[in-house]
There are 2 protein chains.
Amino acid sequence: MNLRETIFALAQAYRVHIKEAVNANELGLNGMHVRCLHAIANCPQCTANAIVNQLGKDKAQIARLIKDMLDKGWLEKHSSEFDKRSQILSLSSSGTALQQQLVQLEKQLEQSFEAGLTQQELDEFRRISSKMLANLGEHSWE
Amino acid sequence: MNLRETIFALAQAYRVHIKEAVNANELGLNGMHVRCLHAIANCPQCTANAIVNQLGKDKAQIARLIKDMLDKGWLEKHSSEFDKRSQILSLSSSGTALQQQLVQLEKQLEQSFEAGLTQQELDEFRRISSKMLANLGEHSWE
DNA sequence: CTCAAATAGTTGACTTTATCAACCTAATCT
DNA sequence: AGATTAGGTTGATAAAGTCAACTATTTGAG
């Protein structure tokens with residue numbers, strides 16, 4: 001298994017398992033919902049544009065995603081006082097609850113990943129990974 | 001950066017960079033083409049079904065992908081002598097050339113990833129990764 | 001041997017996801 | 001002010017992925 005296969009196998013495994021967990025809990029959200037919830041939760045004064053940059057997606061797609069999530073009542077938006085072009089996005093109470101559930105599920109999944117590994121190994125994994133990312137000039141980028 | 005972020009950042013970085021390289025070389029192929037070329041190259045007596053299992057995709061999608069690649073002249077197919085339901089797929093000469101170019105580009109990209117890392121670190125990364133995959137009961141799975 | 005069940009592959013119809021270009025409004029820059 | 005840039009929305013369309021039905025073989029239980 002070369003590096004490419006390793007990396008994709010990990011990502012694929014994560015995707016498959018978190019999808020299972022999300023479906024099992026019938027949260028009614030898809031992959032982009034998940035990423036968007038996290039992005040907003042972790043980004044103070046989040047705007048649509050911030051999400052576009054963070055997730056590396058087309059702004060049209062993000063606009064529709066946000067509209068969908070607003071309709072579902074997971075988000076709130078109000079225009080920025082500093083730049084009237086910008087809409088500040090935040091999680092509603094139901095959005096926050098959802099995101100917290102996700103954090104929970106992800107924590108559990110991470111524990112599955114990490115089973116039988118020492119703290120040292122985990123640190124090492126992260127250290128090497130971030131070296132690789134630095135090599136390619138990647139940012140936090142989700 | 002937690003484990004999820006790390007894993008997806010790596011996968012995303014790989015995807016973005018290989019896509020760039022492929023586009024830069026104007027090979028005219030997309031992500032599924034790439035994966036399919038590799039799958040066929042590495043699978044003796046490859047069938048559509050083998051690809052479905054290897055890539056974990058819907059068989060309808062794979063059938064259309066193969067048709068497309070046959071039209072483009074990258075593949076050849078002939079029915080199996082052992083099972084007349086099966087179509088054995090192989091790379092044509094242009095398909096082989098394409099796949100070889102990809103191998104080249106991927107090798108270069110891997111070198112970018114691995115820059116400044118020792119062989120020990122790389123081994124360690126692979127070892128830890130496969131432990132994680134084993135935790136989740138993953139197979140080679142691409 | 002025979003017939004039901006399983007397997008390989010194809011196709012049609014459809015949903016989801018992603019992309020491109022046009023556009024509006026507000027901000028910024030001489 | 002007038003031109004340009006940036007944030008966001010929308011329409012149209014392309015690409016990816018999914019579901020179900022169907023054909024043609026093969027397998028396997030009785």
Side-chain angles (χ1 to χ4, degrees), chain A residues 8 11-12 15-16 19-20 22-23 27-37 39-40 43-72 75-90 142, chain B residues 8 11-12 15-16 18-20 22-23 27-37 39-40 43-72 75-90 141-142:
Chain A
F8 283 131
Q12 172 83 331
R15 238 187 301 272
V16 167
K19 192 173 174 184
E20 253 172 43
V22 167
N23 288 343
L27 304 183
L29 29 72
N30 63 29
M32 286 304 289
H33 290 147
V34 170
R35 300 182 67 187
C36 196
L37 284 174
I40 293 173
C43 167
Q45 300 294 305
C46 195
T47 65
N49 204 38
I51 298 177
V52 166
N53 295 132
Q54 239 185 93
L55 304 191
K57 300 285 174 182
D58 188 82
K59 61 183 185 169
Q61 191 186 353
I62 297 300
R64 291 181 175 113
L65 178 61
I66 288 170
K67 197 161 93 176
D68 177 38
M69 295 174 73
L70 282 165
D71 289 347
K72 291 192 159 85
L75 303 186
E76 284 163 10
K77 88 173 173 185
H78 40 275
S79 25
S80 166
E81 297 169 20
F82 310 107
D83 184 338
K84 281 170 192 160
R85 294 170 306 179
S86 293
Q87 305 287 312
I88 305 296
L89 300 165
S90 55
E142 179 131 1
Chain B
F8 283 131
Q12 174 82 330
R15 238 186 301 271
V16 167
I18 198 67
K19 193 174 173 183
E20 251 174 44
V22 166
N23 288 342
L27 304 184
L29 28 74
N30 63 29
M32 286 303 291
H33 289 146
V34 171
R35 299 182 68 187
C36 196
L37 284 175
I40 293 174
C43 168
Q45 301 294 306
C46 195
T47 64
N49 203 40
I51 297 176
V52 166
N53 296 130
Q54 238 184 92
L55 304 191
K57 299 286 174 181
D58 188 83
K59 61 182 185 167
Q61 191 187 355
I62 297 300
R64 291 181 175 112
L65 178 61
I66 287 171
K67 197 161 95 177
D68 178 39
M69 294 174 75
L70 281 166
D71 289 347
K72 292 192 160 84
L75 304 185
E76 284 163 11
K77 89 173 171 184
H78 40 275
S79 26
S80 165
E81 296 169 22
F82 308 109
D83 184 338
K84 280 170 194 162
R85 293 169 306 179
S86 294
Q87 304 286 313
I88 304 297
L89 300 165
S90 55
W141 215 4
E142 180 127 359

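Taking the side chain to side chain contact (heavy atoms under 4.5 Å, CB included) definition, one finds that A/Ala50 meets it with A/Cys43, A/Cys46, A/Thr47, sequence neighbours left out. Applying the salt bridge (Lys or Arg N to Asp or Glu O under 4.0 Å) criterion to A/Lys84, with sequence neighbours excluded, gives no partner residue. By the side-chain hydrogen bond (donor to acceptor under 3.5 Å, both in side chains) test, A/Arg85 pairs with A/Asp83, sequence neighbours left out. For A/Lys77, the side chain to side chain contact (heavy atoms under 4.5 Å, CB included) partners at least two apart in sequence or on another chain are A/Leu70, A/Gln87, A/Leu89. Take A/Asp58 and apply the salt bridge (Lys or Arg N to Asp or Glu O under 4.0 Å) test, not counting sequence neighbours, and it matches no residue. In terms of the salt bridge (Lys or Arg N to Asp or Glu O under 4.0 Å) criterion, residue partners of B/Lys72 (sequence neighbours excluded) are, by chain and number, B/Asp68. The side chain to side chain contact (heavy atoms under 4.5 Å, CB included) test applied to A/Ser90 returns A/Glu76, A/His78, not counting sequence neighbours. Residues that satisfy the side chain to side chain contact (heavy atoms under 4.5 Å, CB included) test with A/Arg64, not counting sequence neighbours, are A/Ala60.
In this structure, the NZ atom of B/Lys67 is 8 Å from the C1' atom of C/dT11, given to the nearest Å.
Two residues are said to be in side-chain contact when any heavy atoms from C-beta on lie closer than 4.5 Å; A/Ile62 and A/Met32 meet this criterion. Side chains of B/Ile51 and B/Cys36 form a contact here, defined as non-hydrogen atoms less than 4.5 Å apart.
The overall bend of the helix from C/dC1-D/dG30 to C/dT30-D/dA1, read as the angle between its terminal helix axes built from five base pairs each, is 30° when rounded to 10 degrees.
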Base versus backbone protein contacts along nucleotides 17-30 of chain C [heavy-atom cut-off under 4.0 Å; B, S, -]: SSBB----BBS---
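If you walk DNA chain D from 5' to 3' and mark each nucleotide with an atom closer than 4.0 Å to a heavy atom of chain A, the marks span D/dA6 to D/dA12.
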